[in-house]
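Here's the structure, in structure tokens; my notes come after.
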Amino acid sequence: MTTDDVLAQVFLNSFEQHKPQLLGRRIWLACSGGRDSLSLAHLCQQLFNAGKLPFLPQLLHINHGMQQANAAWADQVSTWAQQNQMPCQVLKINLVKKTEQEARQARYEAIIGVMNHQDVLILGHHQDDQVETLLMRLFNGAGVNGLSGMKEWSIKSSQNQQGTQKNIVLWRPLLTISRQQITQYADNKGLTYIDDPTNVALQKSNLNPDQLNDRAWLRSVLLPHITQRYPKAKQAIARTGQLMQEASVILDEQSSLDLSQSIINDRAFCSVLDINQLTRLSTARQSFLIHSWLAPTATDLPPSRRLVEEVLSLAHRKDSNHQTCLSWDSGRYQYQIRRYQHKLYRLWDSWEQWLQLAPTTHDIHIDVEEEIAPCLLLKPLSTEFEWSVQGLTGLIAELQQQLTVLIDAKAETDREDIKSIAWSKETKLIFQPLPRTQKIALPGRVGRKSGKKLLQALDVPSFMRQSVVLCSLQLSPLCSEQQSIPLLIITPEQTMVLQSPFSQSIAQLVEDKALVAELHDL
Ligand SMILES: Nc1ncnc2c1ncn2[C@@H]1O[C@H](COP(=O)(O)OP(=O)(O)OP(=O)(O)O)[C@@H](O)[C@H]1O
């Protein structure tokens with residue numbers, strides 16, 4: 001097979017493999033005008049003209065504005081596209097810091113900016129790029145996932161300023177093709193490609209090795225030494241990457257299983273792990289689970305080994321110190337990692353601050369004709385979170401009905417709590433921050449508790465204690481404690497029906513989800 005045939009075959013195999021996800025989507029090709037992406041563009045055009053490919057990708061070229069030559073390169077790509085009847089769009093970006101890293105980041109942002117959700121972007125990465133990537137990651141101490149290198153098919157997510165997520169697919173069909181094969185293809189086809197001087201091999205330039213960026217140094221200095229001794233080293237390194245990719249899939253599957261068995265509650269702003277479940281796993285699985293838990297989305301940065309160890313030692317602590325708070329900036333969110341009893345919490349910083357805001361007090365007369373809003377905000381309106389109780393109308397109707405029944409039954413009962421019940425115009429349903437001195441009987445427990453002891457019995461972590469709401473029924477304005485009947489305790493994690501003459505019917509409302517407290521981020 002000629003090199004041209006090999007390239008065509010490898011591309012078409014990759015196309016066949018991903019065909020179900022490709023058809024019906026818009027396909028773009030990131031073309032720097034360099035040898036690799038220009039060869040790829042040429043290959044697509046040839047296969048399309050030969051009727052072997054059902055689409056012609058739209059070329060996208062980014063003018064980084066970093067070097068004087070950049071504008072000329074943009075023109076060169078546009079002209080080539082025009083001559084070859086390929087659609088092409090040039091995007092000019094303005095870099096604040098003119099570094100490789102910035103340029104790459106800004107390039108992706110610009111590209112994603114013009115693409116639609118679920119569009120596919122073809123990139124010209126090849127085997128030599130993969131080898132360089134693997135070596136750079138190895139020298140930075142990467143684990144199995146990092147050493148898997150670039151994936152042939154992967155999802156890149158980004159969020160716009162309104163918080164809407166856009167996912168695009170990165171497709172790298174030439175990852176098994178060497179730079180030499182691509183060069184041969186480009187030469188065979190007489191392609192006039194751009195040679196970026198920052199990428200050019202040392203022997204071609206007068207650059208001092210110290211001035212080369214890491215990738216160029218690996219390419220021009222280190223790899224020639226390695227391949228002199230190990231001629232097949234590049235293929236071998238790429239194969240290791242492939243094996244790591246397979247291992248990484250297995251690890252991810254195991255870790256999702258472990259996570260699903262240890263997770264108690266999983267919301268973006270508050271995720272809770274069961275320490276008892278976690279510590280049943282082997283040490284290696286615990287580390288892996290914590291690593292994945294700290295970086296829940298592909299856009300979160302991977303946490304350092306040290307942080308994973310600190311979180312694990314927090315989980316393994318035997319004392320009852322609940323003050324420790326570890327900070328973690330994942331690049332996307334600022335998190336706090338805390339422990340309470342046998343639970344580990346991963347909280348958004350902003351949620352922890354919101355938790356410290358006092359709940360709003362609401363007095364609702366239950367004997368009024370006017371309509372009652374079905375939803376009540378438990379905390380003042382915030383731009384980030386909303387905490388509300390839904391189903392108040394049903395609760396009040398139930399209370400009115402129960403009160404009528406109880407008042408009718410008063411004459412025949414010996415129960416003090418029922419004897420004291422009266423229903424007046426002043427009877428109110430009150431939602432308020434849990435008063436620290438009020439003694440409350442919890443269902444299924446003997447005696448009444450108040451303050452810290454009550455919160456401990458409720459299993460409310462110290463950082464959530466400002467956000468506990470008591471809902472009670474106040475029978476008359478000059479209410480002795482007897483006449484204020486605690487009905488419910490609502491925390492951000494649970495709604496607990498308290499012992500009262502109304503508990504059965506309220507519990508039913510809660511079970512039927514006709515009365516619910518809802519907390520979500522906006
Ligand atoms: N300025 C650019 N405009 C559009 N796409 C780009 C640009 N620079 C890089 N890319 C895309 O990213 C891939 C990898 O980037 P890399 O820096 O290795 O490219 P390059 O060496 O400059 O160009 P090529 O890979 O085309 O020879 C390229 O193959 C190409 O698909």
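These figures come from a predicted structure and were not determined experimentally. Both ligands and their constituent atoms are indexed starting at 1 by order of listing.
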Quick one: does any side-chain atom of [X] pair with a main-chain N or O of [Y] as donor and acceptor, under 3.5 Å?
X      : Y      : result
His125 : Arg172 : no
Glu246 : Leu243 : no
Arg339 : Arg317 : yes

Show which atoms of ligand 1 fall inside a sub-4.0 Å distance from at least one heavy-atom site of [X].
X      : value
Leu123 : 11 (C), 12 (O), 31 (O)
His64  : 1 (N)
Leu60  : 4 (C)
Arg35  : 27 (O)

Heavy atoms from other residues, nucleotides or ligands near CD of Gln180 exceed 12 (cutoff 6.0 Å):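 No, because the 6.0 Å sphere around CD of Gln180 holds 12 heavy atoms or fewer from other groups.
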Residue Gln82 excluded, over 12 heavy atoms near CD under 6.0 Å: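 No, CD of Gln82 has 12 or fewer neighbouring heavy atoms, counting only those of other groups under 6.0 Å.
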SB check Lys343 Asp459 (cutoff 4.0 Å):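 Result for this pair is yes, salt bridge flagged.
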Option of least heavy-atom distance to atom 15 (O) of ligand 1 (set: Arg107, Arg104, Met66):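 Residue with the shortest heavy-atom distance to the ligand atom: Arg107.
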Winner among Cys31, Gly33, Ser37, Gly34 once heavy atoms are compared against atom 26 (O) of ligand 1: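 Of the listed residues, Ser37 has the closest heavy atom.
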So is [X] polar-close to ligand 1, meaning N/O to N/O under 3.5 Å?
X      : value
Ala30  : yes
Ile122 : no
Gly124 : yes
Asp129 : no

Geometric cation-pi criterion, Arg346 with Trp293: 6.0 Å, 45°: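 Verdict for Trp293: a cation-pi partner in Arg346.
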Six-ring centre of Tyr108, Lys156 cation under 6.0 angstrom, axis tolerance 45°: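 Verdict for Tyr108: a cation-pi partner in Lys156.
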Ligand 1 versus Leu40: contacting region, heavy-atom distance under 4.0 Å: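 No part of Leu40 comes within reach of ligand 1.
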